[in-house]
Amino acid sequence: MPKKGHKLVHKRYRELDPHKIPKEMTGDEAHTVTVPLEKVEKMAELRENPFRRRICKVFSHDGSGDMTFDDFLDMLSCFSEQAPRDVKVVYAFRIYGEHSANTHTDKK
């Protein structure tokens, strides 16, 4: 993703928790600072999706649903129109696949 794209994604990420996410990511922050699942699932693109918790858990590096900037970037990249179809298929099976059939009703 071009540098401008990273800045736009960082802006969106920071809007989820502006008190916790620094204006500029430095050092290891892109893969150590996290936004809690409860805040990520409230973003407009996920809010009405019944699979929102499962989506967050699949894209979070540790399966908790809490997202680092790198996790968030991966999720938005996968859902973009430019993402390769094979990448979309892999994540679709992780999110909606048979092994996750009992987790699609995760609700808070």
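The first residue in the sequence is number 1, and the count goes up from there. Being a predicted model, the structure only gives us computed values, none of them experimental.
Taking hydrophobic clusters as Ile, Leu, Val, Met, Phe, Trp and Tyr residues chained together by side-chain heavy-atom distances below 4.5 Å, Leu37 does not share a cluster with Phe79.
Rounding to the nearest 0.5 Å gives a distance of 5.5 Å between CE of Met75 and SG of Cys56. Between Ile95 atom CD1 and Asn49 atom CG the span is 8.5 Å, to the nearest 0.5 Å. Here Cys78 contributes atom SG and Ile55 contributes atom CD1; the two are 9.5 Å apart, rounded to the nearest 0.5 Å.
Sorted pairs that involve residues 64-89 and meet salt bridge (Lys or Arg N to Asp or Glu O under 4.0 Å), not counting sequence neighbours, are lacking altogether.
For the side chain to side chain donor-acceptor pair (under 3.5 Å) test, no residue two or more places apart in sequence or in another chain qualifies with Lys42. For the side chain to side chain donor-acceptor pair (under 3.5 Å) test, residues two or more places apart in sequence or in another chain that qualify with Glu45 are Arg12. By the side chain to side chain donor-acceptor pair (under 3.5 Å) test, Asp62 is found to be paired with Ser64, residues two or more places apart in sequence or in another chain being considered. Evaluation of the salt bridge (charged side-chain N to carboxylate O under 4.0 Å, His left out) rule for Lys39 yields Asp17 as partners, not counting sequence neighbours. Judged as a side chain to side chain contact (heavy atoms under 4.5 Å, CB included), and not counting sequence neighbours, the contacts of Val90 are Arg94. Contacts of Tyr91 classified as ring pair (Phe, Tyr, Trp, His ring centres under 6.0 Å), with partners at least two apart in sequence or in another chain: Phe59.
Taking the side chain as every heavy atom from C-beta outward, Val35 and Met43 never approach each other to under 4.5 Å. Between Thr32 and Thr68, every side-chain heavy-atom pair lies at or beyond the 4.5 Å cut-off. The closest side-chain heavy-atom distance from Leu16 to Phe72 is below 4.5 Å.
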*Determine, step by step, whether Glu41 and Arg53 satisfy the salt bridge (Lys or Arg N to Asp or Glu O under 4.0 Å) criterion, reporting the C-alpha distance in whole Å, the side-chain angles of both residues, the deciding distance to 0.1 Å, and the verdict.*
CA-CA 7 Å; Glu41 70 180 357; Arg53 293 180 80 75; 3.0 Å; yes
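Nearest heavy-atom pair across Gly65 and Ser60 is N-OG, 2.8 Å.
The main-chain N or O of Phe51 is never found under 3.5 Å from a side-chain atom of Arg54 such that the two would form a donor-acceptor pair.
Checked against the 6.0 Å centroid threshold, Phe69 and His10 count as a close aromatic pair.
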Sequence neighbours excluded and cut-off under 3.5 Å, please list the side-chain donor-acceptor pairs for residues 18-27, or say none.
| residue | atom | partner | partner atom | Å |
| --- | --- | --- | --- | --- |
| Lys20 | NZ | Thr34 | O | 2.7 |
| Thr26 | OG1 | Glu29 | OE1 | 3.2 |

